[in-house]
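Below, chains carry the letters A, B, ... as their sequence lines are ordered, and counting in each starts from 1.
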There are 2 protein chains.
Amino acid sequence: MAQNLSDNVCFTLYSATNALVRAFRPLLDAYDLTYPQYIVMHSLWYKNQVSLKALAQDTYLDSSTLTPIVKRLEAKGLLTRKISPEDERKKIISLTEKGVRLQQDAAELTATLMARSSMSLERLEQLRLLSLELRTELAKAEAS
Amino acid sequence: MAQNLSDNVCFTLYSATNALVRAFRPLLDAYDLTYPQYIVMHSLWYKNQVSLKALAQDTYLDSSTLTPIVKRLEAKGLLTRKISPEDERKKIISLTEKGVRLQQDAAELTATLMARSSMSLERLEQLRLLSLELRTELAKAEAS
DNA sequence: TGCAAATAAGTTGTGCGCAAACTATTTGCG
DNA sequence: CGCAAATAGTTTGCGCACAACTTATTTGCA
C-alpha cells in the first residue's frame, strides 16, 4: 500500500529543502548570489585561503560542482584563484576585499529567513541536529 | 563573526538532502529511475489519473519541472498523458500496467535506505515533522 | 453574448549536483 | 632513480528546479 508523499521522511526533507532555497532566492538576489554561491562565501568567511579540495570537504559538494561556482564568484570579483607554489596541482581560493566586505551585509540572512519561519530556536536546533545525524549516517553507509 | 557551515540549519538541511539523493541513486538505478521520478511514481501509486497541476501540488514541484520528468516516465512506458475530455487544457496522467507493477518492487526503497541509516524510527519521525513544519512555514511566508 | 482575466501546460535559459572521463602534477615504492 | 599509482582540479553530459514567458482553453462578468 503506497503512502501519501508527505508521510515519507525523504520526501519531506526534499521538499523542505526546495522550499528553503526558493525562500532564500529573493533575499540573495539583492547580493547577486545563488544559495550554493552563498554557501561557498559562508565557508570562506569562516576559513579563507583554502584549496578547492578543502572547500569541497567543508561544503559537501563535489569538486566538479564547485569549480563552476567558484569561477562565477571570481567573475563577480568576490574571490581569486591562484595556483599554490608548494603544490601546483592545488588552487588557493582567497576572498577579495569585496568578498570580505560582503560578509557584513549578507552573513545574517539565515537568521532573517529563519525568524520569518516563526519556528522556535529549539525546534530549528532539533532540525539541525537531526539533519546532521542523517547526513553523517548516510555518508557512513556510502563509504561501506 | 561567521560560523561553521554545519552550525547552520539551512546548510545541514541542504547537505543532508544532497546526501539523501546521492544515497538513493544506486538503489534507484536498478529501476532506471531518478529520485524526482521516483517521487512522481510514488504520488501516482497513491493517487492515479490526476492532472499535471494536481501532481505539481502533491509533489511541491513546478509544472515546468514536472513536464519533462513526466515525459521521461512516459518514454519509459510507465505512464500515459491524455488530454482531458472535460477540460482540454488539462492532461490526465495515468499509470500503465508496467507503472503499476513497479510499485511491488520499488515502493519499499525508502524503508530500505532508512534502515541502512541506523537512525531510530522515532528520530526519523521527528525529522519528518520538523521538515514538514519548516516547509509549511516557508510556504506561508512566501504567500505573504 | 463578447471579451478580458484566469487557468493549464509547455518552452527557454540559467545554475546547480554529480558520475565519468580527462589532464597535469606529486608521491611513493621497487 | 624511474615509473606506476595517487591526487587536485577541470570538462562533459544529463537531469533536475525554477523564473519568466508563451500558447491554448475555459471562466466569468459587464
Whole-Å gap separating P (C:dC16) and CG (A:L28): 11 Å

Whole-Å distance separating the CD1 atom of A:I93 from the P atom of D:dA8: 13 Å

Whole angstrom value for the distance that separates P of C:dG15 from CG of A:D29: 12 Å

Whole angstrom value for the distance that separates C1' of C:dC18 from OH of A:Y60: 17 Å

Option among A:L44, A:L73, A:V40 that satisfies the side chain to side chain contact (heavy atoms under 4.5 Å, CB included) test with A:I93: A:L44

Which atom of B:W45 lies closest to which atom of B:G99, heavy atoms considered: NE1-O, 3.0 Å

Along DNA chain C (nearest heavy atom to each residue), the more 5'-positioned of B:K91 and B:A19: B:K91

NZ or CZ of A:R25 within 45° of A:Y35 ring axis and under 6.0 Å: no

Check: B:R81 and B:I92 side chains under 4.5 Å, non-hydrogen atoms: no

Integer-rounded Å distance: C:dG13 C1' and A:R25 CZ: 13 Å

N or O in side chain of A:K53 less than 4.0 angstrom from D:dA8 OP1/OP2: yes

Phosphate OP1/OP2 of C:dC18: any B:R22 side-chain N/O under 4.0 Å: yes

Modelled atom types, side-chain donor and acceptor of A:R135 and B:S15, under 3.5 Å: yes

Out of D:dG9, C:dT25, C:dA9, whichever nucleotide has its closest atom nearest the side chain of A:D87: C:dT25

DNA chain D contacts among residues 64-85 of chain B, heavy-atom distance under 4.0 Å: B:S64, B:T65, B:I69, B:R72

In one Ile/Leu/Val/Met/Phe/Trp/Tyr side-chain cluster, 4.5 Å: A:M114, A:L129: no

Considering all heavy atoms, the nearest B:N8-B:C10 contact: OD1-N, 2.9 Å

Hydrophobic cluster membership, B:L132 vs B:L61, 4.5 Å side-chain cutoff: no

Nearest listed nucleotide, side chain of A:E88, among C:dT26, D:dA19, C:dA9: C:dT26

Closest-nucleotide 5' rank along DNA chain D - winner of B:R89 and A:L52: A:L52

Centroid separation A:Y38 to A:H42 less than 6.0 Å: yes

Proximity to DNA chain D (any heavy atom under 4.0 Å), residues of residues 31-43 of chain A only: none

Protein-nucleotide distance (B:N18, atom CG; D:dG15, atom P), rounded to Å: 18 Å

Between D:dG9 (C1') and A:L55 (CG): distance, integer Å: 13 Å

